[in-house]
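Report on the following structure.
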Amino acid sequence: MKFAYRVRGVARVPPMFGLKKINLCTYSFFRVSSFFSNPFPSFLPEGAALLVSLIGKSVIHQFHFQKPVHCVCFSPDGRKFVITKDNVALMYHAPGKKREFNAFVLDKTYYGPYDETTCIDWTDDSKCFAVGSKDMSTWVFGAERWVNLIYYSLGGHKDAIVACFFEENSLDLYTISQDGALCVWQCDTDLDGLKLRPPKDRAEDKNESVKDLGEEFIEEPTGEEIHGKATTNEQERREKVKYSRAAKYFFNKEGDFNNLTSAAYHKKTHLLVTGFASGIFHLHELPEFNLIHSLSISDQRIATISINCTGDWIAFGCSGLGQLLVWEWQSESYVLKQQGHFNSMVSLAYSPDGQYLVTGGDDGKVKVWNTGSSFCFVTFTEHTSSISAVTFTSTGYVILSASLDGTVRAFDLHRYRNFRTFTSPRPAQFSCLAVDSSGEIISAGSQDSFDVFVWSMQSGRLLDVLSGHEGPISSLCFNPMKSILASASWDKTVRLWDMFDSWRTKETLTLNSDVLVVAFRPDGNELAVAALDGQITFWDHENAVQMGSIEGRHDLQMGRKELDKITAKQAAKSKSFTTLCYSADGQSILAGGLSKFVCIYHVKEQILMKKFEISCNLSLDAMEEYLDRRKMTEFGSMALIDDGAGDEDGVAIALPGVKRGDMSSRHFKPEIRVTCLRFSPTGRSWAATTTEGLLIYSLDSGLIFDPFELDIDITPSSVRKVLSQKEYTMAIVMAFRLNEKKLIQEVIETVPCNEVDIVCSSLPELYVEKVLEFLASAFETSHHLEFYLTWAQRLLMLHGQKLKTRSGKLLPVIQFLQKSIQRHFEDVSKLYLKAIECWEGKCWNRYNIKYALAISQQRGMKRPAETSVSEEELEDSNSDYLMEEATTHS
């Protein structure tokens, strides 16, 4: 069995509509602070930069700016980009499509602001750019050495500059400060009025600037330096560009001290959007400053704002809540509203068809995600404390969650409501949860009373309280095939309870250490147990016999925390796996814990098959095996010292004698860990809740050449030759032996519909499973729905009895096929119901149905350009067709 799992998506705040998901954690060692798309450069807080190709989905070039980058902006023509760090602006030549030894070539270095820079904006013709700073000034620099504009300094504000924007095709400028002030600046020169300096003068200026540089910071040995001055003499002002303040407006009313945190401007529609620390945003029309809308999205600060190219949609991001909101301002409606867990995720579970994921977090929220779109479509907030466990029932329409608030809640995915709440006779904090295969029996373990509580889903009544453990209950699991419940406890035992025998203890398995997690194999014949000593043991629960064990402590490879007194090797001796999960076929098992690694073991051979590194982010704690000696002093680790200069929204008041930062404040680095692992029922993917968020790994067979029983005579040309001779069965077998997806699709779609029955009946049994697996994946992307449904129906009808004998092995493939068909069924059923409503006159959407029917009738038909059909004729024909369809269905 080959494993080539790749990260498919990261669900903290899901990506926007259909965006390609690229995993940068393999290359970046810190959190990404900003990125801008021309090819795709991303910048990290420590100054590292990655140049990423969106086509190849790979890192092309890596670069280091030595200091944290505040912002970056490409020029509109895509030839250059400007980055700012500290009080310096650096202009680089943008990487091109050609291969280059150094993708980042420094062109010019601009000095001017006295404090850190905050924002950048370019003119439409890429001749000039503006830089805002925390010193309350805005600087306009020329991208080239213009005679009448090299630099220009603008003041007029009493707080840090948040954003600056050029007007369309003009040097006129808008500057916005944190105290809610907007200044409108008019320039006496047009963009066409900028005059380029001759090359000779430019060389002289370059030599002069190098002489004046002294011992100041130099980024590269090449490149031109431009030093701006806040004050200039009268001689320098002559024949130069001049700015004048035309107006000044204030967002805050009298007595209101709401800080402005972000802004965005759409030049074509003159629309200015501003966000504030209170969660309010304003829409103004410039330059008249007419208020269009003023709304609130939350009580948290709006961290970032973006407007789409047409100016219809506005996106808001709230970092405090992990919230993403897309708003259409003309219709005043939400296009998208997504919010992730703003605290750590603790548990997750797949739906039986693998189409949905449910997660529970320390924020007390239960979220349901669509695995195909990565969107969260419903959030339940009834719990008042941290979620400890979540699970689906066998039907897939009910979600159960256990919480430390002492309740177990059942949620209905049809009506999106909490329809059942289970509680214990006396308050107890539930640490684990399990539901039987029928979905009728609910059990939850307590970490303070050492009991297991059992409820009925139908009545909601407490059926029994299972006592016997002498320590907190750490894990519960029902046997998928039998009425047996396994409970693990810190008392070093695993108890097996028989549901049909009045919940009596059937067996008690004794281990050498505290038991942390238990898991049944999908066929119910084996039980896996992970203990505090780092061992994973496998048991035959019927006979209470241990069948094998895996020593996994050394595979965890624990990192050393910044404040640890002992080495990582010594710390690993006290670490263990905290979550286990069998694969869909039961041949392998996933294990994870307080480490950045997820291990997958072969159960029968009891060997490590592969290790997945979930993150390389050095912003998290316990990532490195060895501490950096440069951060160690004679007084201890530098991690004990907070280098921050205070909250960005407030004013940092330093203690007496402190030159930088407040020594009374402390920073917090979250520790890397894997809290829960689950395999998809389809067997094609698995998910993990980690410190980085929800990670989904999937089998990406499109990027891997994995032939099956390949011979030297099997080539794409030989397959097509056999296909041209209409030997369809032989062509399918040869295509699957070569195992190239596009070739398999070409062969199967070439088979005529009337030949599908014959081909399916003559297909070897070994290839039936492979064809079903291909059909399941083809349903995800192909538009030939009826054609592939015919294939699936004939294969299951002709080979159903033989497949039933291997149901355990084929279950993931069948569930994968069911998931794909179910998704199409839901889409088509919605369209059918709308058609019936339109026929009954209950819907005004009949024109869309007529259009769809007309397109389906005309598909494949060629009409001369001079012939056309009038709207009345088309409407009459479509109405007749719709009446015939409705009569047929009725």
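Values below: all heavy atoms of this structure, side chains included; hydrogens, waters and symmetry mates excluded.
- Every pair passing salt bridge (Lys or Arg N to Asp or Glu O under 4.0 Å) that includes a residue from residues 521-530 is listed here, sequence neighbours excluded: R521-D523, R521-E526.
- Side-chain contact between W490 and S474: present, with at least one pair of heavy atoms (C-beta onward) separated by less than 4.5 Å.
- Around the OH atom of Y397, the shell of radius 6.0 Å holds no more than 12 heavy atoms that belong to other residues, nucleotides or ligands.
- By the neighbour-count criterion of 12 heavy atoms within 6.0 Å, atom CG of N512 is sparsely surrounded, having that number or fewer from other residues, nucleotides or ligands.
- A donor-acceptor pair under 3.5 Å is formed between the side chain of S298 and the backbone N or O of Q300.
- Under the 6.0 Å cut-off for aromatic ring centres, Y582 and W686 do not qualify, their centroids lying 6.0 Å or more apart.
- The side-chain hydrogen bond (donor to acceptor under 3.5 Å, both in side chains) search around Q535 returns E551, not counting sequence neighbours.
- Counting heavy atoms of neighbouring residues, nucleotides and ligands inside a 6.0 Å radius, atom NZ of K604 does not exceed 12 of them.
- By the side-chain hydrogen bond (donor to acceptor under 3.5 Å, both in side chains) test, T675 pairs with T689, sequence neighbours left out.
- When atom types are taken as modelled, the side chain of S449 and the backbone of A428 share no donor-acceptor pair closer than 3.5 angstrom.
- Environment of CD in E470: sparse, with no more than 12 heavy atoms of neighbouring residues, nucleotides or ligands closer than 6.0 Å.
- Side-chain contact check for H341 versus D362: every heavy-atom pair is 4.5 Å or farther apart.
- Judged as a ring pair (Phe, Tyr, Trp, His ring centres under 6.0 Å), the pairs with a partner in residues 504-532 (not counting sequence neighbours) are, in order, F520-H541.
- Partners of S351 under the side-chain hydrogen bond (donor to acceptor under 3.5 Å, both in side chains) rule, at least two apart in sequence or in another chain, are D353.
- The side-chain hydrogen bond (donor to acceptor under 3.5 Å, both in side chains) check on K365 picks up nothing, with sequence neighbours excluded.
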